[in-house]
Amino acid sequence: MGYFKVNGPVKLHGEVEISGSKNASLPIIAASLISFDEVVIENVPDLLDIRTMIDILESINFNVSFSDGVVRVRPEFENVNTNVPYELVRKMRASFNVLGPLAARYGKAKVALPGGCSIGVRPVNFHIEGLEKLGFEVTIEHGFVEAKLVKPNNGKIILPKPSVGATEHLMTTAAAIEGIEVVIENAAMEPEIVDLQEFLRKLGVEIEGAGTSRIRIKGGVKRKAVVHKVIPDRIEAGTYVIAIAATGGEGVVKNLDSEHLNSLWEVLEKIGVDLRIDKNKVYVKMEGKPKPVDVNVSPYPGFPTDLQPQIMTLLTVASGTSYIKENVFQTRFLHVDELKRMGADIEITDGTAIIKGVEGLSGAPVNGTDLRATAALLIAAFMANGKSEIHHVEHIFRGYENVCKKFGKLGGKIEYVGVKEYIE
Ligand code: EPZ
(Lines give C-alpha, C1' and ligand atoms only; values in the text may rest on other atoms or scores of the structure.)
Protein backbone atom coordinates (compact mmCIF):
# COMPACT_ATOMS: atom_id res chain seq x y z
CA MET A 1 0.00 0.00 0.00
CA GLY A 2 2.67 2.52 0.95
CA TYR A 3 2.49 5.75 2.90
CA PHE A 4 3.58 9.40 2.71
CA LYS A 5 6.06 10.97 5.16
CA VAL A 6 5.71 14.75 5.51
CA ASN A 7 7.55 17.20 7.77
CA GLY A 8 5.55 20.29 8.66
CA PRO A 9 4.91 23.13 8.88
CA VAL A 10 5.54 24.41 5.37
CA LYS A 11 4.08 27.44 3.58
CA LEU A 12 3.22 26.17 0.11
CA HIS A 13 4.33 28.68 -2.51
CA GLY A 14 4.82 28.88 -6.28
CA GLU A 15 2.87 27.69 -9.33
CA VAL A 16 0.89 24.49 -9.93
CA GLU A 17 -0.77 23.34 -13.18
CA ILE A 18 -4.14 21.58 -13.03
CA SER A 19 -4.75 18.36 -14.99
CA GLY A 20 -7.83 17.25 -16.90
CA SER A 21 -10.94 16.31 -14.95
CA LYS A 22 -11.21 12.75 -13.63
CA ASN A 23 -14.96 13.12 -13.23
CA ALA A 24 -15.40 14.40 -16.78
CA SER A 25 -13.08 11.77 -18.28
CA LEU A 26 -14.79 8.75 -16.67
CA PRO A 27 -18.33 9.28 -18.10
CA ILE A 28 -16.88 10.29 -21.49
CA ILE A 29 -14.73 7.14 -21.70
CA ALA A 30 -17.84 5.11 -20.75
CA ALA A 31 -19.84 6.95 -23.43
CA SER A 32 -17.28 6.00 -26.08
CA LEU A 33 -18.94 2.55 -25.91
CA ILE A 34 -21.85 3.93 -28.00
CA SER A 35 -19.66 5.26 -30.80
CA PHE A 36 -19.45 3.47 -34.18
CA ASP A 37 -16.04 4.94 -34.96
CA GLU A 38 -12.79 5.85 -33.27
CA VAL A 39 -12.97 8.20 -30.28
CA VAL A 40 -9.97 10.28 -29.19
CA ILE A 41 -10.18 11.88 -25.72
CA GLU A 42 -7.50 14.44 -24.82
CA ASN A 43 -6.30 15.98 -21.52
CA VAL A 44 -7.13 12.77 -19.62
CA PRO A 45 -5.22 12.55 -16.30
CA ASP A 46 -3.12 9.45 -15.64
CA LEU A 47 -4.92 8.14 -12.53
CA LEU A 48 -5.78 4.75 -11.07
CA ASP A 49 -9.50 5.38 -11.71
CA ILE A 50 -8.85 6.15 -15.38
CA ARG A 51 -6.79 2.98 -15.74
CA THR A 52 -9.64 1.00 -14.14
CA MET A 53 -12.16 2.39 -16.64
CA ILE A 54 -9.79 1.50 -19.48
CA ASP A 55 -9.44 -2.03 -18.02
CA ILE A 56 -13.23 -2.29 -18.17
CA LEU A 57 -13.39 -1.34 -21.84
CA GLU A 58 -10.63 -3.86 -22.55
CA SER A 59 -12.56 -6.53 -20.59
CA ILE A 60 -15.44 -5.84 -23.02
CA ASN A 61 -12.92 -6.47 -25.88
CA PHE A 62 -12.75 -2.87 -27.06
CA ASN A 63 -9.36 -1.68 -28.33
CA VAL A 64 -8.14 1.10 -26.03
CA SER A 65 -4.80 2.92 -25.84
CA PHE A 66 -3.74 5.58 -23.30
CA SER A 67 -0.57 7.60 -23.56
CA ASP A 68 0.44 11.23 -22.98
CA GLY A 69 -3.04 12.12 -21.73
CA VAL A 70 -4.78 10.77 -24.83
CA VAL A 71 -7.27 7.89 -24.65
CA ARG A 72 -8.01 6.30 -28.04
CA VAL A 73 -11.02 3.94 -28.23
CA ARG A 74 -11.73 1.80 -31.27
CA PRO A 75 -15.15 0.11 -31.03
CA GLU A 76 -15.50 -3.64 -31.37
CA PHE A 77 -18.63 -5.20 -32.89
CA GLU A 78 -17.96 -8.92 -33.17
CA ASN A 79 -16.85 -10.62 -29.97
CA VAL A 80 -18.02 -8.02 -27.45
CA ASN A 81 -18.16 -9.29 -23.88
CA THR A 82 -21.10 -7.59 -22.17
CA ASN A 83 -20.46 -8.98 -18.68
CA VAL A 84 -18.32 -6.64 -16.54
CA PRO A 85 -16.56 -8.48 -13.70
CA TYR A 86 -17.05 -7.63 -10.02
CA GLU A 87 -13.36 -7.08 -9.31
CA LEU A 88 -13.34 -4.08 -11.67
CA VAL A 89 -16.63 -2.56 -10.45
CA ARG A 90 -15.48 -3.07 -6.83
CA LYS A 91 -12.44 -0.89 -7.55
CA MET A 92 -14.49 2.01 -8.84
CA ARG A 93 -18.26 2.52 -8.66
CA ALA A 94 -18.31 4.72 -11.80
CA SER A 95 -17.73 1.46 -13.70
CA PHE A 96 -21.44 0.72 -13.17
CA ASN A 97 -22.20 3.40 -15.77
CA VAL A 98 -21.21 1.13 -18.64
CA LEU A 99 -24.35 -0.99 -18.08
CA GLY A 100 -26.80 1.23 -20.00
CA PRO A 101 -24.60 2.07 -23.00
CA LEU A 102 -23.60 -1.59 -23.43
CA ALA A 103 -27.18 -2.86 -23.18
CA ALA A 104 -28.43 -0.12 -25.52
CA ARG A 105 -25.78 -0.89 -28.14
CA TYR A 106 -25.66 -4.71 -27.86
CA GLY A 107 -29.17 -5.56 -26.57
CA LYS A 108 -28.19 -6.68 -23.09
CA ALA A 109 -25.42 -6.36 -20.52
CA LYS A 110 -24.54 -7.47 -17.02
CA VAL A 111 -22.48 -5.42 -14.53
CA ALA A 112 -21.70 -6.09 -10.88
CA LEU A 113 -23.67 -4.05 -8.38
CA PRO A 114 -21.25 -1.52 -6.83
CA GLY A 115 -20.71 -1.87 -3.10
CA GLY A 116 -20.69 0.91 -0.55
CA CYS A 117 -17.61 2.92 0.23
CA SER A 118 -16.16 4.98 3.05
CA ILE A 119 -18.11 8.13 2.16
CA GLY A 120 -21.41 6.37 2.62
CA VAL A 121 -23.98 4.01 1.16
CA ARG A 122 -23.82 4.48 -2.60
CA PRO A 123 -27.13 3.13 -3.99
CA VAL A 124 -27.87 2.95 -7.71
CA ASN A 125 -31.66 2.83 -7.49
CA PHE A 126 -32.05 6.05 -9.53
CA HIS A 127 -29.95 4.46 -12.30
CA ILE A 128 -32.05 1.27 -12.33
CA GLU A 129 -35.40 3.06 -12.18
CA GLY A 130 -34.26 5.33 -15.01
CA LEU A 131 -33.20 2.40 -17.21
CA GLU A 132 -36.60 0.78 -16.65
CA LYS A 133 -38.27 4.05 -17.73
CA LEU A 134 -36.17 3.95 -20.92
CA GLY A 135 -37.56 0.47 -21.70
CA PHE A 136 -34.98 -1.89 -20.22
CA GLU A 137 -35.91 -4.99 -18.26
CA VAL A 138 -33.57 -4.94 -15.24
CA THR A 139 -32.91 -7.95 -13.00
CA ILE A 140 -30.67 -8.05 -9.95
CA GLU A 141 -29.30 -11.35 -8.64
CA HIS A 142 -26.11 -12.74 -7.14
CA GLY A 143 -24.72 -9.18 -6.88
CA PHE A 144 -25.09 -8.48 -10.58
CA VAL A 145 -27.47 -6.20 -12.47
CA GLU A 146 -28.59 -7.34 -15.92
CA ALA A 147 -30.31 -4.95 -18.31
CA LYS A 148 -32.09 -6.02 -21.52
CA LEU A 149 -33.52 -3.49 -23.99
CA VAL A 150 -37.09 -4.74 -24.45
CA LYS A 151 -39.00 -1.77 -25.90
CA PRO A 152 -37.50 1.75 -26.00
CA ASN A 153 -39.86 4.23 -24.31
CA ASN A 154 -40.09 7.94 -24.92
CA GLY A 155 -40.89 9.96 -21.84
CA LYS A 156 -39.77 11.82 -18.75
CA ILE A 157 -37.42 10.62 -16.00
CA ILE A 158 -37.64 12.58 -12.75
CA LEU A 159 -34.62 12.00 -10.51
CA PRO A 160 -35.49 12.07 -6.79
CA LYS A 161 -32.10 13.73 -6.15
CA PRO A 162 -29.80 15.51 -8.66
CA SER A 163 -27.50 12.47 -8.93
CA VAL A 164 -24.38 13.10 -11.03
CA GLY A 165 -23.86 9.45 -11.92
CA ALA A 166 -27.50 8.71 -12.66
CA THR A 167 -27.76 11.82 -14.87
CA GLU A 168 -24.66 10.83 -16.85
CA HIS A 169 -25.65 7.15 -17.08
CA LEU A 170 -29.16 7.91 -18.39
CA MET A 171 -27.99 10.67 -20.80
CA THR A 172 -25.50 8.29 -22.39
CA THR A 173 -27.93 5.37 -22.56
CA ALA A 174 -30.71 7.44 -24.16
CA ALA A 175 -28.16 8.88 -26.61
CA ALA A 176 -27.45 5.36 -27.88
CA ILE A 177 -31.10 4.53 -28.65
CA GLU A 178 -32.00 5.68 -32.18
CA GLY A 179 -35.08 7.89 -32.25
CA ILE A 180 -35.92 7.82 -28.52
CA GLU A 181 -37.02 11.17 -27.06
CA VAL A 182 -36.38 11.57 -23.33
CA VAL A 183 -36.36 14.40 -20.79
CA ILE A 184 -34.43 14.08 -17.51
CA GLU A 185 -35.88 16.33 -14.78
CA ASN A 186 -34.05 17.29 -11.59
CA ALA A 187 -30.82 16.45 -13.42
CA ALA A 188 -27.47 17.21 -11.77
CA MET A 189 -25.91 20.43 -13.13
CA GLU A 190 -22.17 19.84 -12.67
CA PRO A 191 -19.70 21.12 -15.33
CA GLU A 192 -18.72 17.49 -16.02
CA ILE A 193 -22.28 16.90 -17.26
CA VAL A 194 -22.00 19.84 -19.64
CA ASP A 195 -18.72 18.35 -20.91
CA LEU A 196 -20.44 14.98 -21.48
CA GLN A 197 -23.19 16.76 -23.45
CA GLU A 198 -20.54 18.40 -25.69
CA PHE A 199 -19.02 14.96 -26.32
CA LEU A 200 -22.39 13.36 -27.14
CA ARG A 201 -23.17 16.24 -29.52
CA LYS A 202 -19.91 15.49 -31.37
CA LEU A 203 -21.28 11.93 -31.81
CA GLY A 204 -24.28 13.52 -33.55
CA VAL A 205 -26.71 13.13 -30.66
CA GLU A 206 -29.38 15.82 -30.34
CA ILE A 207 -29.09 16.88 -26.69
CA GLU A 208 -29.64 20.12 -24.78
CA GLY A 209 -30.04 21.46 -21.26
CA ALA A 210 -26.93 20.05 -19.54
CA GLY A 211 -25.98 22.47 -16.78
CA THR A 212 -29.65 23.00 -15.98
CA SER A 213 -32.01 20.65 -14.13
CA ARG A 214 -33.80 19.66 -17.37
CA ILE A 215 -31.95 17.74 -20.10
CA ARG A 216 -33.64 16.74 -23.36
CA ILE A 217 -32.17 13.94 -25.50
CA LYS A 218 -33.14 12.66 -28.95
CA GLY A 219 -31.22 9.42 -29.30
CA GLY A 220 -29.15 8.44 -32.29
CA VAL A 221 -25.39 8.30 -32.94
CA LYS A 222 -23.97 9.32 -36.32
CA ARG A 223 -21.12 7.32 -37.86
CA LYS A 224 -18.09 9.56 -37.46
CA ALA A 225 -14.82 9.69 -35.58
CA VAL A 226 -14.64 12.17 -32.70
CA VAL A 227 -11.93 14.11 -30.86
CA HIS A 228 -12.74 15.69 -27.47
CA LYS A 229 -10.60 17.52 -24.90
CA VAL A 230 -11.93 17.22 -21.34
CA ILE A 231 -12.33 20.23 -19.03
CA PRO A 232 -9.88 20.98 -16.17
CA ASP A 233 -10.35 19.17 -12.86
CA ARG A 234 -12.16 21.67 -10.63
CA ILE A 235 -11.75 19.50 -7.52
CA GLU A 236 -8.01 19.10 -8.01
CA ALA A 237 -7.82 22.88 -8.56
CA GLY A 238 -9.84 23.60 -5.41
CA THR A 239 -7.65 21.21 -3.43
CA TYR A 240 -4.45 23.08 -4.36
CA VAL A 241 -6.02 26.51 -3.74
CA ILE A 242 -7.14 25.38 -0.28
CA ALA A 243 -3.73 23.81 0.42
CA ILE A 244 -1.86 27.07 -0.36
CA ALA A 245 -4.30 29.09 1.81
CA ALA A 246 -4.36 26.54 4.66
CA THR A 247 -0.55 26.65 4.98
CA GLY A 248 -0.44 30.48 4.96
CA GLY A 249 1.32 30.37 1.60
CA GLU A 250 1.19 32.25 -1.67
CA GLY A 251 0.88 30.89 -5.19
CA VAL A 252 -0.80 30.68 -8.58
CA VAL A 253 -3.01 27.75 -9.62
CA LYS A 254 -3.10 27.53 -13.44
CA ASN A 255 -5.05 25.68 -16.18
CA LEU A 256 -8.32 25.75 -14.24
CA ASP A 257 -11.73 27.11 -15.25
CA SER A 258 -12.44 29.57 -12.44
CA GLU A 259 -16.17 29.74 -13.25
CA HIS A 260 -16.50 26.13 -12.04
CA LEU A 261 -15.48 27.12 -8.49
CA ASN A 262 -17.58 30.20 -7.67
CA SER A 263 -18.93 28.59 -4.47
CA LEU A 264 -15.35 28.03 -3.27
CA TRP A 265 -14.25 31.61 -4.04
CA GLU A 266 -17.20 32.91 -2.01
CA VAL A 267 -16.20 30.84 1.05
CA LEU A 268 -12.48 31.64 0.76
CA GLU A 269 -13.20 35.38 0.53
CA LYS A 270 -15.27 35.17 3.76
CA ILE A 271 -12.33 33.33 5.37
CA GLY A 272 -10.08 36.24 4.44
CA VAL A 273 -8.01 34.64 1.69
CA ASP A 274 -6.52 37.13 -0.80
CA LEU A 275 -7.68 35.91 -4.26
CA ARG A 276 -7.10 37.36 -7.71
CA ILE A 277 -9.30 35.34 -10.08
CA ASP A 278 -8.75 35.13 -13.86
CA LYS A 279 -10.61 32.85 -16.25
CA ASN A 280 -7.91 30.12 -16.26
CA LYS A 281 -5.77 30.91 -13.23
CA VAL A 282 -6.06 32.10 -9.64
CA TYR A 283 -3.55 33.93 -7.39
CA VAL A 284 -3.90 32.84 -3.75
CA LYS A 285 -2.34 34.34 -0.62
CA MET A 286 -3.21 33.80 3.05
CA GLU A 287 -1.81 35.91 5.89
CA GLY A 288 -2.88 35.59 9.55
CA LYS A 289 -5.55 33.24 10.91
CA PRO A 290 -8.53 32.20 8.76
CA LYS A 291 -11.88 33.65 9.83
CA PRO A 292 -14.53 31.05 10.82
CA VAL A 293 -17.37 30.49 8.30
CA ASP A 294 -20.50 28.42 7.78
CA VAL A 295 -20.38 26.09 4.73
CA ASN A 296 -23.45 24.49 3.22
CA VAL A 297 -22.38 21.51 1.08
CA SER A 298 -24.88 20.92 -1.73
CA PRO A 299 -25.13 19.80 -5.35
CA TYR A 300 -23.64 22.10 -8.00
CA PRO A 301 -23.56 25.09 -8.07
CA GLY A 302 -23.44 24.74 -4.27
CA PHE A 303 -20.24 24.07 -2.33
CA PRO A 304 -18.92 20.69 -3.59
CA THR A 305 -18.90 17.70 -1.26
CA ASP A 306 -15.56 16.74 -2.85
CA LEU A 307 -13.96 19.82 -1.25
CA GLN A 308 -15.62 19.37 2.15
CA PRO A 309 -12.73 17.49 3.86
CA GLN A 310 -10.21 20.01 2.47
CA ILE A 311 -12.05 23.19 3.61
CA MET A 312 -12.69 21.54 6.99
CA THR A 313 -8.93 21.07 7.38
CA LEU A 314 -8.28 24.74 6.69
CA LEU A 315 -10.96 25.74 9.23
CA THR A 316 -9.38 23.65 12.03
CA VAL A 317 -7.08 26.63 12.75
CA ALA A 318 -9.65 29.44 12.24
CA SER A 319 -10.04 32.23 14.82
CA GLY A 320 -13.43 30.89 15.95
CA THR A 321 -16.07 28.18 15.39
CA SER A 322 -17.14 27.08 11.89
CA TYR A 323 -20.07 24.89 10.82
CA ILE A 324 -20.10 22.58 7.78
CA LYS A 325 -23.44 21.00 6.82
CA GLU A 326 -22.90 17.98 4.54
CA ASN A 327 -26.09 17.62 2.47
CA VAL A 328 -24.84 15.20 -0.20
CA PHE A 329 -23.16 12.32 1.70
CA GLN A 330 -24.34 12.70 5.31
CA THR A 331 -21.66 10.37 6.68
CA ARG A 332 -18.69 11.76 4.77
CA PHE A 333 -16.76 12.47 7.97
CA LEU A 334 -14.25 9.64 8.35
CA HIS A 335 -11.43 12.21 8.06
CA VAL A 336 -12.67 13.93 11.27
CA ASP A 337 -11.21 11.38 13.70
CA GLU A 338 -7.90 11.51 11.83
CA LEU A 339 -7.81 15.33 12.02
CA LYS A 340 -8.58 15.08 15.76
CA ARG A 341 -5.50 12.88 16.13
CA MET A 342 -3.58 15.91 14.81
CA GLY A 343 -5.12 18.20 17.44
CA ALA A 344 -8.25 19.47 15.65
CA ASP A 345 -11.39 20.16 17.72
CA ILE A 346 -14.36 18.85 15.69
CA GLU A 347 -17.72 17.43 16.71
CA ILE A 348 -20.35 15.94 14.38
CA THR A 349 -24.06 16.27 15.06
CA ASP A 350 -26.62 14.98 12.49
CA GLY A 351 -24.67 15.73 9.33
CA THR A 352 -23.09 18.95 10.60
CA ALA A 353 -19.43 19.32 11.58
CA ILE A 354 -18.74 21.90 14.31
CA ILE A 355 -15.10 22.97 14.03
CA LYS A 356 -13.63 24.99 16.91
CA GLY A 357 -10.44 26.72 15.73
CA VAL A 358 -7.25 25.64 17.55
CA GLU A 359 -3.83 27.31 17.64
CA GLY A 360 -2.26 24.77 15.32
CA LEU A 361 -2.12 21.07 14.31
CA SER A 362 0.59 18.62 15.30
CA GLY A 363 2.06 15.95 13.08
CA ALA A 364 0.89 12.35 13.61
CA PRO A 365 0.47 9.03 11.80
CA VAL A 366 -3.01 9.08 10.19
CA ASN A 367 -5.12 6.90 7.88
CA GLY A 368 -6.56 7.94 4.51
CA THR A 369 -10.12 6.64 4.07
CA ASP A 370 -11.20 7.97 0.68
CA LEU A 371 -9.81 10.06 -2.15
CA ARG A 372 -10.69 13.51 -0.83
CA ALA A 373 -10.20 12.67 2.87
CA THR A 374 -6.63 11.58 2.09
CA ALA A 375 -5.98 14.83 0.22
CA ALA A 376 -7.28 16.72 3.28
CA LEU A 377 -4.89 14.81 5.56
CA LEU A 378 -2.00 15.70 3.26
CA ILE A 379 -2.94 19.39 3.61
CA ALA A 380 -3.12 18.92 7.40
CA ALA A 381 0.37 17.38 7.37
CA PHE A 382 1.78 20.44 5.58
CA MET A 383 0.02 22.68 8.14
CA ALA A 384 1.08 20.65 11.19
CA ASN A 385 4.07 21.04 13.45
CA GLY A 386 6.29 17.97 13.18
CA LYS A 387 6.30 14.67 11.34
CA SER A 388 3.22 13.01 9.84
CA GLU A 389 2.67 9.70 8.10
CA ILE A 390 -0.37 9.32 5.83
CA HIS A 391 -1.32 5.69 5.29
CA HIS A 392 -3.49 4.17 2.53
CA VAL A 393 -2.29 6.78 0.05
CA GLU A 394 -3.50 4.58 -2.82
CA HIS A 395 -6.69 6.62 -2.42
CA ILE A 396 -4.89 9.80 -3.45
CA PHE A 397 -3.39 8.22 -6.56
CA ARG A 398 -6.98 7.59 -7.71
CA GLY A 399 -7.63 11.31 -8.19
CA TYR A 400 -4.51 13.48 -8.11
CA GLU A 401 -2.13 13.24 -11.07
CA ASN A 402 1.59 13.63 -10.25
CA VAL A 403 0.64 14.57 -6.68
CA CYS A 404 4.16 14.22 -5.25
CA LYS A 405 5.73 16.28 -8.05
CA LYS A 406 3.06 18.99 -7.92
CA PHE A 407 3.24 19.48 -4.15
CA GLY A 408 7.03 19.16 -4.32
CA LYS A 409 7.14 22.10 -6.76
CA LEU A 410 5.16 24.13 -4.19
CA GLY A 411 7.74 23.33 -1.51
CA GLY A 412 5.66 20.53 0.00
CA LYS A 413 8.16 17.69 0.11
CA ILE A 414 6.50 14.26 0.23
CA GLU A 415 8.54 11.13 0.85
CA TYR A 416 6.62 8.19 -0.61
CA VAL A 417 7.46 4.96 1.19
CA GLY A 418 5.99 1.99 -0.57
CA VAL A 419 5.72 -0.21 -3.60
CA LYS A 420 6.22 1.96 -6.65
CA GLU A 421 3.29 0.28 -8.36
CA TYR A 422 1.31 3.50 -8.00
CA ILE A 423 1.47 6.54 -10.22
CA GLU A 424 3.47 9.24 -8.49
C1 EPZ B 1 -20.20 11.69 -8.27
O2 EPZ B 1 -20.50 10.50 -7.57
C3 EPZ B 1 -18.70 11.91 -8.16
N4 EPZ B 1 -17.99 10.79 -8.80
C5 EPZ B 1 -18.30 12.00 -6.69
O6 EPZ B 1 -16.91 12.28 -6.63
C7 EPZ B 1 -19.07 13.16 -6.05
O8 EPZ B 1 -18.77 13.19 -4.67
C9 EPZ B 1 -20.57 12.97 -6.26
O10 EPZ B 1 -20.86 12.81 -7.67
C11 EPZ B 1 -21.39 14.15 -5.75
O12 EPZ B 1 -20.97 15.32 -6.40
C13 EPZ B 1 -17.81 10.81 -10.14
O14 EPZ B 1 -18.23 11.72 -10.83
C15 EPZ B 1 -17.04 9.65 -10.72
P16 EPZ B 1 -24.35 11.11 -6.85
P17 EPZ B 1 -21.97 9.83 -7.71
O18 EPZ B 1 -25.07 10.04 -7.59
O19 EPZ B 1 -22.47 10.04 -9.09
C20 EPZ B 1 -27.65 9.52 -3.82
C21 EPZ B 1 -14.66 11.91 -6.10
O22 EPZ B 1 -14.08 12.13 -5.03
N23 EPZ B 1 -27.99 8.50 -4.84
O24 EPZ B 1 -24.42 12.52 -7.37
O25 EPZ B 1 -21.90 8.45 -7.19
C26 EPZ B 1 -26.25 9.32 -3.23
O27 EPZ B 1 -26.30 8.38 -2.19
C28 EPZ B 1 -16.04 11.29 -6.08
O29 EPZ B 1 -14.20 12.20 -7.24
C30 EPZ B 1 -29.07 7.64 -4.59
O31 EPZ B 1 -29.70 7.69 -3.53
O32 EPZ B 1 -22.82 10.72 -6.70
C33 EPZ B 1 -25.91 10.70 -2.75
O34 EPZ B 1 -26.52 10.93 -1.50
C35 EPZ B 1 -16.44 10.86 -4.68
N36 EPZ B 1 -29.41 6.73 -5.54
C37 EPZ B 1 -26.56 11.61 -3.79
O38 EPZ B 1 -27.54 10.80 -4.46
C39 EPZ B 1 -28.74 6.64 -6.74
O40 EPZ B 1 -29.12 5.81 -7.58
C41 EPZ B 1 -25.60 12.16 -4.83
O42 EPZ B 1 -24.84 11.08 -5.32
C43 EPZ B 1 -27.66 7.52 -6.97
C44 EPZ B 1 -27.31 8.45 -6.01
Side-chain angles (χ1 to χ4, degrees), residues 19-31 44-45 47-50 52-53 56 89 91-100 113-133 138 140 145 157-172 184 186-196 213 230-231 233-239 260-261 263-264 297-310 325-332 334-335 351 368-376 395-401:
S19 302
S21 165
K22 167 178 83 78
N23 291 351
S25 301
L26 291 172
I28 288 171
I29 295 170
V44 178
L47 300 167
L48 292 181
D49 275 5
I50 299 296
T52 302
M53 185 58 90
I56 285 166
V89 179
K91 277 165 81 173
M92 180 189 62
R93 58 176 277 101
S95 332
F96 185 67
N97 281 22
V98 303
L99 176 65
L113 201 55
C117 72
S118 57
I119 62 178
V121 180
R122 306 286 294 273
V124 287
N125 52 326
F126 303 162
H127 299 241
I128 291 167
E129 288 152 18
L131 290 174
E132 288 171 335
K133 287 262 175 66
V138 181
I140 301 175
V145 183
I157 297 172
I158 302 173
L159 292 178
K161 282 184 189 175
S163 156
V164 171
T167 302
E168 292 166 345
H169 194 175
L170 298 169
M171 274 165 81
T172 304
I184 302 173
N186 197 28
M189 303 192 277
E190 273 70 1
E192 293 76 30
I193 291 170
V194 177
D195 208 25
L196 175 60
S213 60
V230 302
I231 57 174
D233 193 314
R234 63 192 168 95
I235 303 301
E236 184 200 19
T239 301
H260 294 163
L261 285 161
S263 58
L264 174 64
V297 169
S298 52
Y300 196 89
F303 191 92
T305 176
D306 290 347
L307 290 176
Q308 177 261 98
Q310 298 91 315
K325 179 88 177 83
E326 171 59 75
N327 296 300
V328 178
F329 295 111
Q330 277 74 16
T331 57
R332 187 178 201 164
L334 290 183
H335 45 286
T369 48
D370 76 79
L371 167 54
R372 308 302 173 184
T374 311
H395 292 298
I396 213 163
F397 291 124
R398 291 187 52 191
Y400 290 89
E401 187 178 48

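We're numbering straight along the sequence, starting at 1. Bear in mind that the values here come from a model prediction, so they are computed numbers and not experimental data. All ligand and atom numbering here is 1-based and tracks the order in the structure.
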Write out the residue and atom name of the closest protein heavy atom to atom 41 (C) of ligand 1, then the distance separating them to 0.1 Å. Val328 CG1, 3.9 Å
Grab the two heavy atoms, one from Pro27 and one from Ala24, that are nearest each other, plus how far apart they are. CD-O, 3.3 Å
Does the Asp233 side chain pair with the main chain of Lys22, one donor and one acceptor, at a distance under 3.5 Å? yes
Among all the protein's non-hydrogen atoms, which is closest to atom 25 (O) of ligand 1, and how far away is it? Arg122 NH2, 3.0 Å
Can you pull out the closest protein heavy atom to atom 32 (O) of ligand 1? Residue, atom name and distance to 0.1 Å, please. Phe329 CZ, 3.9 Å
Using a 3.5 Å distance criterion without hydrogens, assess whether the side chain of Gln308 forms a donor-acceptor pair with backbone atoms of Arg332. yes
Polar side-chain atom of Arg93 near backbone of Arg122 as donor-acceptor pair, under 3.5 Å: yes
Applying side-chain contact (heavy atoms from CB on, under 4.5 Å), name anything that partners Pro162, two or more places apart in sequence or on another chain. Asn186, Ala188, Pro299
Would you say Glu326 touches ligand 1, if touching means a heavy atom closer than 4.0 Å? no
By number and element, which atoms of ligand 1 are closer than 4.0 Å to a non-hydrogen atom of Val124? 39 (C), 40 (O)
Of all protein heavy atoms, the one nearest atom 23 (N) of ligand 1 is Phe126 CE1, 3.6 Å
Donor-acceptor under 3.5 Å (Glu168 side chain, Leu170 main chain): no
Within the 4.0 Å heavy-atom cut-off, what Tyr300 brings close to ligand 1 is neither
Is the backbone of Gly100 close enough, under 3.5 Å, to the side chain of His169 for a donor and an acceptor to pair up by distance? yes
Taking only heavy atoms of His127 into account, list the atoms of ligand 1 that are under 4.0 Å away from them. 40 (O)
Interfacing atoms of ligand 1 (cut-off 4.0 Å, heavy-atom, Lys22): 21 (C), 29 (O)
Is it the side chain, the backbone, both or neither of Asn125 that has a heavy atom closer than 4.0 Å to ligand 1? both
Quick one: does Glu168 get within less than 4.0 Å of ligand 1, heavy atoms only? no
For ligand 1, the portion of Arg332 having any non-hydrogen atom under 4.0 Å away: side chain
Atom 28 (C) of ligand 1: closest protein heavy atom, distance to 0.1 Å, is Asp306 OD2, 3.8 Å
Can you tell me which residue and heavy atom of the protein come closest to atom 3 (C) of ligand 1, and the distance to 0.1 Å? Asn23 ND2, 3.8 Å
For atom 16 (P) of ligand 1, which candidate among Ile193, Val164, Leu26 holds the nearest heavy atom? Val164
Sidechain-backbone polar pair: Asp306 side chain, Arg372 backbone, donor-acceptor under 3.5 Å: no
For Ala166, is the nearest heavy atom under 4.0 Å from an atom of ligand 1? no
Of the listed options Pro123, Ser163, Ser95, closest to atom 39 (C) of ligand 1 (non-hydrogen atoms): Pro123
Side chain of Glu190, backbone of Ile193: donor and acceptor closer than 3.5 Å? no
closest protein heavy atom to atom 19 (O) of ligand 1 is Gly165 N, 2.7 Å
To check your reading of the model: name the closest protein heavy atom to atom 37 (C) of ligand 1, its residue, and the distance in Å. Lys161 CD, 4.1 Å
Should Arg372 be counted as touching ligand 1, given the test is an N or O pair under 3.5 Å? yes
